[in-house]
Amino acid sequence: MDTTTTLLVIAAVVAAGLLAVAVGLLVRLVRARRTLRRAGLPTGPRWVFWGAVAYLLLPTDALPDPVYLDDIGVLLLALRSLRAARPLPLPRGTTEP
């Protein structure tokens, strides 16, 4: 194998690894949102969740798509915002179930 082929293979393996990380984070984001909704906790603004999903899927990015670092960053920020959710305050005069 010549140098160019070796570099292309390495780049393809790195891109595939980064894509796997991005898809794994997307799955975690969807699961976290689903768990929060089931528990009755707020999931934050909808645009955070859907914006992160759209950013991952849309072909226009801040960085070219073989480099998924920007996608991973957006997904991590959305996951962090979902995990920072706090229970809604109870209305006055009510007790916890």
Contacts of R31 that satisfy side chain to side chain contact (heavy atoms under 4.5 Å, CB included) - sequence neighbours left out: V27
Set of side chain to side chain contact (heavy atoms under 4.5 Å, CB included) partners for L77, sequence neighbours left out: none
Closest heavy-atom pair and its distance - A52, L29: CB-CD2, 4.1 Å
Distance in Å, I72 CD1 paired with L18 CG, rounded so as to fall on 0.5 Å steps: 5.0 Å
Atom pair CG/CG of L26 and L75 - distance to nearest 0.5 Å: 6.0 Å
Nearest heavy-atom neighbours spanning D71 and Y55: OD1-O, 3.2 Å
Transitive ILVMFWY side-chain link L8 to L19, under 4.5 Å: no
